J.: 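Quick one: structure below, then a few questions.
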Amino acid sequence: MHSYINNHIKNEIQSKNVLGLSSIILFQLCLSSCSKEKAVDEDIYIPRPVTSTSSKFINKIYEYQPAPGQFINESLGSPDGAQKIIGDVKNTSLVSLGAFGGFIVFGFDHSILNKEGNDLAIYGNPLGPIQQWSEPGIVQVSQDKNGNGLPDDEWYELAGSEHSSVSTIKNYEITYYNPKATANVTWKDNQGKTGSVDVNRFHNHNYYPLFAANQDSVKLKGTLLKSTWGTIGSIFVNNAFEWGYTDSYSTGDDYATKRYNSFDLSNAIDKNGKAISLNAVDFIKVYTGQNEKGNTLLGEISTEVGGAADLNIK
């Protein structure tokens with residue numbers, strides 16, 4: 001009798017242990033499955049569709065952080081001024097990005113698809129072909145992979161004609177210091193160089209952005225293009241690059257005919273310079289690509305943006 005009871009109890013315990021272990025295994029499998037499902041979902045990027053009410057022009061400014069410059073803290077270089085590149089380019093104004101690294105981030109009411117040929121047009125105000133005056137800006141793009149509607153995912157540069165040039169410096173960083181007065185804005189870069197953005201008599205004020213979050217200094221980074229500043233006779237010029245940059249009177253981009261610079265999303269590269277395939281993008285970032293102080297007559301080289309358009313919408 002005692003043997004029977006003992007065996008019965010032993011069998012009960014073993015049965016419960018098996019059930020308990022099974023429950024734990026099932027629970028862990030569920031967690032693993034749910035975790036994998038979530039990871040897969042985060043990797044799925046679904047472009048926002050073009051609808052019957054979609055506009056081919058910019059509909060939102062997400063961020064405006066200019067570098068110091070002669071137009072900064074004036075209407076052309078202010079948060080209110082940045083809003084004026086929204087909408088039909090026939091009605092927009094220019095916004096200045098200041099010296100190297102100054103940037104603006106904008107978007108559309110839909111995703112821009114990567115189709116055959118050029119997908120994006122960005123407007124500036126370069127001069128040419130006789131009096132060459134370009135202020136080349138580098139363009140980056142990003143997808144809203146996490147679906148939060150904000151430009152906080154990885155950025156990809158759209159490689160231009162100077163991407164593989166030995167004079168192009170990748171991962172360039174520069175820090176500008178607020179003089180807190182009407183005085184030249186000094187800077188220091190990660191190449192061991194120092195310099196300044198100089199005040200000129202036509203724009204006699206502090207060039208450091210007085211609306212920047214940090215009123216002591218601002219660090220900006222990106223790809224640095226070589227200076228194209230010089231003279232033709234007695235005329236000061238800043239020459240264009242062949243293609244792939246905005247606010248540039250580019251011959252390879254046929255700016256003379258189109259009056260805008262065009263960009264193919266197929267030219268996207270990651271932070272290591274590797275080509276990346278993007279089916280669409282949601283956010284566009286433009287920043288000044290040269291660190292050139294110019295002179296006290298014309299001021300520093302600072303990219304200007306006058307609007308943008310989705311070339312896939314006719």
Side-chain angles (χ1 to χ4, degrees), residues 45-60 85-90 92 103-126 128-129 134-145 151 153-165 168 222-223 225 239-271 273-287 289 303-314:
Y45 166 67
I46 302 175
R48 293 170 297 142
V50 173
T51 68
S52 59
T53 60
S54 292
S55 168
K56 66 179 181 179
F57 301 110
I58 296 171
N59 84 318
K60 186 171 183 178
I85 69 168
I86 293 175
D88 193 326
V89 293
K90 291 184 291 187
T92 56
F103 67 87
I104 191 165
V105 179
F106 55 82
F108 298 77
D109 61 13
H110 60 280
S111 300
I112 297 180
L113 300 179
N114 185 359
K115 293 188 175 182
E116 188 70 26
N118 293 316
D119 307 293
L120 175 69
I122 302 180
Y123 294 78
N125 67 337
S134 293
E135 299 178 285
I138 292 175
V139 179
Q140 293 181 300
V141 295
S142 181
Q143 295 178 327
D144 186 20
K145 277 196 169 183
D153 291 285
E154 185 172 357
W155 286 100
Y156 305 99
E157 183 178 320
L158 296 184
S161 58
E162 305 309 296
H163 168 63
S164 299
S165 171
T168 298
T223 298
L225 305 172
N239 290 310
F241 293 115
E242 187 178 354
W243 61 272
Y245 306 97
T246 190
D247 202 12
S248 180
Y249 204 94
S250 302
T251 55
D253 195 25
D254 194 18
Y255 183 90
T257 301
K258 297 186 295 187
R259 315 307 292 181
Y260 60 75
N261 295 109
S262 51
F263 299 88
D264 186 347
L265 298 183
S266 296
N267 290 326
I269 55 174
D270 65 15
K271 60 185 178 181
K274 181 181 177 182
I276 185 86
S277 179
L278 302 174
N279 61 338
V281 299
D282 297 288
F283 310 109
I284 315 296
K285 180 179 183 178
V286 178
Y287 66 89
T303 301
E304 282 137 18
V305 178
D310 180 349
L311 291 176
N312 296 316
I313 297 181
K314 305 304 181 184

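Remember, it's a predicted structure, so these values are computed and weren't measured experimentally. No hydrogens, no waters, no symmetry mates; every other heavy atom, side chains included, goes into these values. Counting from 1, the numbers follow the sequence of the chain as shown.
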J.: Donor-acceptor pair, Ser165 side chain versus Glu162 backbone, under 3.5 Å?
T.: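 No, Ser165 side chain to Glu162 backbone: no donor-acceptor pair under 3.5 Å.
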
J.: Between His163 and Ile269, is any pair of side-chain heavy atoms under 4.5 Å apart?
T.: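 Side chain of His163 against side chain of Ile269, heavy atoms only: contact under 4.5 Å found.
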
J.: Is the cationic atom of Lys145 (NZ for Lys, CZ for Arg) positioned less than 6.0 Å from the six-membered ring centroid of Tyr45 and within 45 degrees of its normal?
T.: no

J.: Step by step, work out the side-chain hydrogen bond (donor to acceptor under 3.5 Å, both in side chains) result for Asp153 and Gln143.
T.: CA-CA 7 Å; Asp153 291 285; Gln143 295 178 327; over 6 Å; no

J.: Regarding His110 and Asp310, do their side chains bring together a donor and an acceptor under 3.5 Å, going by distance alone?
T.: yes

J.: Would you name the heavy atoms of Trp243 and Ala159 that are closest together and state the gap between them?
T.: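 The answer is CZ3-O, 3.3 Å.
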
J.: What are the two closest heavy atoms between Lys56 and Lys314, and how far apart are they?
T.: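 Heavy-atom minimum between the residues: NZ-C, 4.4 Å.
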
J.: Side chains of Phe103 and Val286: closer than 4.5 Å at any heavy-atom pair?
T.: no

J.: Using a 4.5 Å cut-off on heavy atoms from C-beta on, say whether the side chain of Val105 contacts that of Trp155.
T.: yes

J.: For Asp253 and Ser262, does a side-chain donor sit closer than 3.5 Å to a side-chain acceptor?
T.: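 Yes - a donor-acceptor pair under 3.5 Å links their side chains.
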
J.: If only atom types and distance count, is the side chain of Asp119 paired as donor or acceptor with the main-chain N or O of Asn312 below 3.5 Å?
T.: no

J.: Quick one, Val89 and Phe57 - any side-chain contact, counting heavy atoms below 4.5 Å?
T.: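 Of all side-chain heavy-atom pairs linking Phe57 with Val89, at least one is under 4.5 Å.
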
J.: Can you check whether Glu154's main-chain N or O pairs, donor with acceptor, with Ser142's side chain at less than 3.5 Å?
T.: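 Yes.
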
J.: State, yes or no, whether a side-chain contact exists between Asp144 and Val281 at a heavy-atom distance under 4.5 Å.
T.: no

J.: Under 3.5 Å, side chain of Ser250 to main-chain N/O of Phe241, donor-acceptor pair present?
T.: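 Side chain of Ser250 to backbone of Phe241, a donor-acceptor pair under 3.5 Å: yes, one is there.
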
J.: Just how far is it from atom CZ of Phe263 to atom CG of Leu311, taken to the nearest 0.5 Å?
T.: 10.0 Å

J.: Is the closest side-chain donor-acceptor distance between Glu157 and Thr223 under 3.5 Å?
T.: yes

J.: Compare every heavy atom of Leu113 with every heavy atom of Pro47, then report the nearest pair and how far apart it is.
T.: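 Scanning both residues, the minimum pair turns out to be CB-CD2, 4.2 Å.
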
J.: Examine distances only and state if a side-chain atom of Ser111 and a backbone atom of Arg48 form a donor-acceptor pair shorter than 3.5 Å.
T.: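 Side chain of Ser111 to backbone of Arg48: a pair is present.
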
J.: Roughly how far apart are Leu158 CG and Thr246 OG1, rounded to 0.5 Å?
T.: 11.0 Å

J.: For the NZ atom on Lys271, are there more than 12 heavy atoms of other groups (residues, nucleotides or ligands in this structure) within a distance under 6.0 Å?
T.: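 No, because the 6.0 Å sphere around NZ of Lys271 holds 12 heavy atoms or fewer from other groups.
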
J.: Supply the atom-to-atom distance Asn118 CG to Asn267 CG, rounded to the nearest 0.5 angstrom.
T.: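 So the gap between those two atoms works out to 8.0 Å.
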
J.: Any sub-3.5 Å donor-acceptor pair from Asp270's side-chain atoms to Gly273's backbone N or O?
T.: yes

J.: Judged by atom type as modelled, is there a donor-acceptor pair below 3.5 Å linking the side chain of Ser134 to the main-chain atoms of Pro136?
T.: no

J.: Cut-off 3.5 Å, side chains only: do Asn261 and Ser248 have a donor facing an acceptor?
T.: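 Side-chain D/A pair, Asn261 to Ser248: absent.
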
J.: Check this for me: Ile313, atom CD1, are more than 12 non-hydrogen atoms of other residues, nucleotides or ligands nearer than 6.0 Å?
T.: yes

J.: For Arg259 and Asn125, indicate whether the former's side chain and the latter's backbone hold a donor-acceptor pair under 3.5 Å.
T.: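 Not a single qualifying donor-acceptor pair exists.
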
J.: Taking atom types as modelled and ignoring hydrogens, do the side chains of Tyr260 and Asp247 form a donor-acceptor contact shorter than 3.5 angstrom?
T.: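 The answer is no; no qualifying pair exists.
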
J.: In chain order, what residues pass the ring-ring contact (aromatic ring centres under 6.0 Å, His included) check against Tyr156, with sequence neighbours excluded?
T.: none

J.: Between Ile284 and Leu120, is there a side-chain heavy-atom distance shorter than 4.5 Å?
T.: yes

